[in-house]
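Just follow the structure's listing: the first ligand is 1, and inside any ligand the first atom is 1.
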Amino acid sequence: MSSQKGQNAAYQKCINPKCGAEFDTADVLFECPRCGDLLDCRYNWDKIAVPKKMSDFAKRWATRDNPLDFSGVWRFRELLNFCEDKFKASIGEGQTILQQNDEVGKYVNKKAGSLYLQYEGLNPSGSFKDNGMTAAFSHAKLVGTKTCACASTGNTSASMALYAHSCGLKAIVFIGSGKIAFGKLSQSMDYGAKTIQILGDFDDCMRQVQDVCRELKLYLLNSLNPFRLEGQKTIIYRVIEQLGWQVPDWIVVPGGNLGNSSAFGKAFLELKELGLIERVPRIAIVNAAGANTLTELVNDRKLFWNDGMVNEEIVDKYYADLTARNFRAHTIATAIEISRPVNLNKCLRTIDVCNGVVLAVTDEEIKDAKAVIGKFGLGCEPASAASVAGLKNLVAKGTIGPDERVVCILTGHLLKDPNLTVDYHTKKEGLFSNPPIEVPNDLDQIIKLLK
Ligand SMILES: *Cc1c(COP(=O)(O)O)cnc(C)c1O
Ligand SMILES: [Zn+2]
């Protein structure tokens, strides 16, 4: 970990080992200026007072009147030590819960006591994205940004708009046309972001926003931003915290732009290097069948991390093929309706670190899993339910054992996408539809119905 930036606690480093260029944390970059690959936020751990064991972080609970100790992200601040406290932008994110759930466990054929749901819908804007935004906005304050921007399938914009307001920044959101769930769109407008709707899909928005940010020197808040992923590492710290400082056997997470899976792998890698955990769990990353780039590339085209020497030819060929077919990602799980995931290479690193598996599930499987999660536990949005739908498949295949300890990440709140939920129940679209029962405005008939 020695480096030319060795004097600082934190620095940025290109993930491509053939390049490995290093940059100051004060530089605003969303790709390596030398080779175009992704950047990591890295640390010189010997310059940081990292606790000797993870349970030391629990001491912060006694001082939770300090907002940084209360935050479920900054409570772990030594593990994302890239800026001074005065820049940290917290609005109380990360008060999330890990729920052990036997009924959902039964649905996926898991033994009692072995399935946990990590519910990130409890964050201020209703999705896990707040974990990343609090970190990225702290960096935005560090570098003195005035205006920020993102492309979004909805939750990134909701979260960015919320944090921008609290940091006094202007926010510009790019969304695709007709591709955003109502709960999320309402948040972006209500939190006061300038919302630009591009006649295209998320992948189009993602390309445009990068060029707009380069041209107008805006601060980009998509998960290309290495500091966002630093915040998202804390989801893993909280899982470990709630398991009594133990590591599960598996983490199951939906994969869209692959920021979360990338952050999780980095979190485990660092904890292992620091000696704070003894073992790295396995990870399963779940695509929607209509947005299954990662599944195609890893399972069918054998794309691997390969010590950082990712075979870009495989990726270029696949993307050229998508372009030639004029392919558009399509799934009801709009948060993962992405065909060119920007964090692909970092995600490949996670698969390597965590001995990961990748799979895709159908929209029908997602909708039914979502209804089961709603009925028996914590409601969630469709993309979140891909985790449970994926787990069901992996247990059926024997990849995950019935008594292995599994944590599914529920990434967003049920109320993000009310239309889909209402349609599922009222139009009887699935196995768990629970439509309202119509009855005349008449006491006898009502009583008869309820007897
Ligand atoms: C953003 C998002 C995802 C996808 O996460 P990535 O980090 O882009 O893979 C999944 N679910 C929800 C609810 C999201 O908002
Ligand atoms: Zn580089």
Side-chain angles (χ1 to χ4, degrees), residues 12-23 29-40 118-121 123 125-133 150-160 180-181 183-184 187 202-203 206 221-226 228-229 231-233 235 252-266 283 285-288 291 293-294 308 310 312 329 331-347 350 358 366 370 373 379-388 390 408-417 420:
Q12 302 186 74
K13 187 178 174 72
C14 176
I15 69 164
N16 190 323
K18 277 183 274 182
C19 172
E22 296 180 353
F23 307 93
L29 303 165
F30 49 86
E31 58 178 22
C32 174
R34 204 178 292 168
C35 77
D37 212 327
L38 296 164
L39 294 169
D40 268 335
Q118 171 66 18
Y119 189 45
E120 289 295 318
N123 275 293
S125 81
S127 85
F128 78 81
K129 298 291 198 297
D130 296 346
N131 294 286
M133 287 299 163
C150 70
S152 183
T153 63
N155 281 334
T156 298
S157 55
S159 183
M160 183 184 85
I180 181 165
K184 307 177 186 183
Q187 286 178 291
F202 175 80
D203 293 302
M206 193 65 236
L221 277 161
N222 283 97
S223 50
L224 280 171
N225 182 316
R228 242 191 71 183
L229 300 195
Q232 288 169 215
K233 292 189 307 192
I235 298 170
V252 186
V253 62
N257 241 342
L258 307 178
N260 241 359
S261 45
S262 296
F264 293 0
K266 188 167 185 286
I283 194 166
I285 304 165
V286 189
N287 280 156
T293 292
L294 184 70
V310 175
E312 299 291 348
T331 166
I332 50 98
T334 49
I336 52 174
E337 191 175 41
I338 295 170
S339 67
R340 287 171 171 77
V342 296
N343 287 298
L344 177 62
N345 287 4
K346 283 185 177 174
C347 177
T350 289
V358 178
I366 290 174
K370 177 184 161 302
I373 296 162
C380 67
E381 66 168 281
S384 314
S387 61
V388 169
C408 288
I409 310 294
L410 300 185
T411 45
H413 199 282
L414 170 70
L415 297 176
K416 290 284 191 175
D417 194 349
L420 178 123

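- Atom 6 (P) of ligand 1 has its closest protein heavy atom at L258 N, 3.5 Å.
- Within the 4.5 Å cutoff, no side-chain heavy atoms of K266 are placed close to those of L229.
- Across all non-hydrogen atoms, the minimal contact from A335 to A383 is CB-CB, 3.6 Å.
- Assignment of S223 to the shell around ligand 1 is not supported, since no heavy atom sits closer than 4.0 Å.
- Within ligand 1, the atoms closer than 4.0 Å to a non-hydrogen atom of E381 are 13 (C), numbered from 1 in the order shown.
- Looking only at side-chain heavy atoms (C-beta outward), C380 and L414 stay at 4.5 Å or farther from each other.
- Here the protein heavy atom with the shortest distance to atom 5 (O) of ligand 1 is F128 CZ, 3.6 Å.
- Here the straight-line distance linking atom CD1 of I366 with atom OG1 of T331 works out to 4.5 Å at 0.5 Å rounding.
- Checked for salt-bridge contact, K346 and D40 meet the test: a charged N lies under 4.0 Å from a carboxylate O.
- Short contacts between ligand 1 and K129, defined as distances under 4.0 Å to a heavy atom of the residue, involve ligand atoms 1 (C), 2 (C), 3 (C), 14 (C), 15 (O).
- Ligand-side atoms of ligand 1 in range of T411: 10 (C), 11 (N), 12 (C), 13 (C), range being under 4.0 angstrom from any heavy atom.
- Put simply, the side chain of D37 does not reach to within 4.5 Å of the side chain of K18, judged on heavy atoms.
- Taking every non-hydrogen atom of I336 and a distance limit under 4.0 Å, the qualifying atoms of ligand 1 come out as 4 (C), 10 (C).
- Within the listing of ligand 1, atoms 7 (O) sit less than 4.0 angstrom from a heavy atom of N260.
- Remark: ligand 1 atoms within the under-4.0 Å shell around heavy atoms of A383 are 11 (N).
- Counting only distance, with no hydrogens or angles, the side chain of S159 and the backbone of T156 share no donor-acceptor pair below 3.5 Å.
- Using a distance-only test at 3.5 Å, with no hydrogens or angles considered, no donor-acceptor pair links the side chain of Q118 to the main chain of I235.
- Between G256 and ligand 1, at least one N/O pair is under 3.5 Å apart.
- The two residues T411 and S384 come nearest to each other via the heavy atoms OG1-OG, 2.8 Å.
- Polar contact check, G259 against ligand 1: a nitrogen or oxygen pair lies under 3.5 Å apart.
- Distances below 4.0 Å separate heavy atoms of G255 from the following atoms of ligand 1: 9 (O).
- Here C19 contributes SG and C14 contributes SG, and at the Zn ion (ligand 2) these two atoms make an angle of 110°, given to 10°.
- In the vicinity of N257, heavy-atom distances shorter than 4.0 Å reach the ligand 1 atoms 6 (P), 8 (O), 9 (O).
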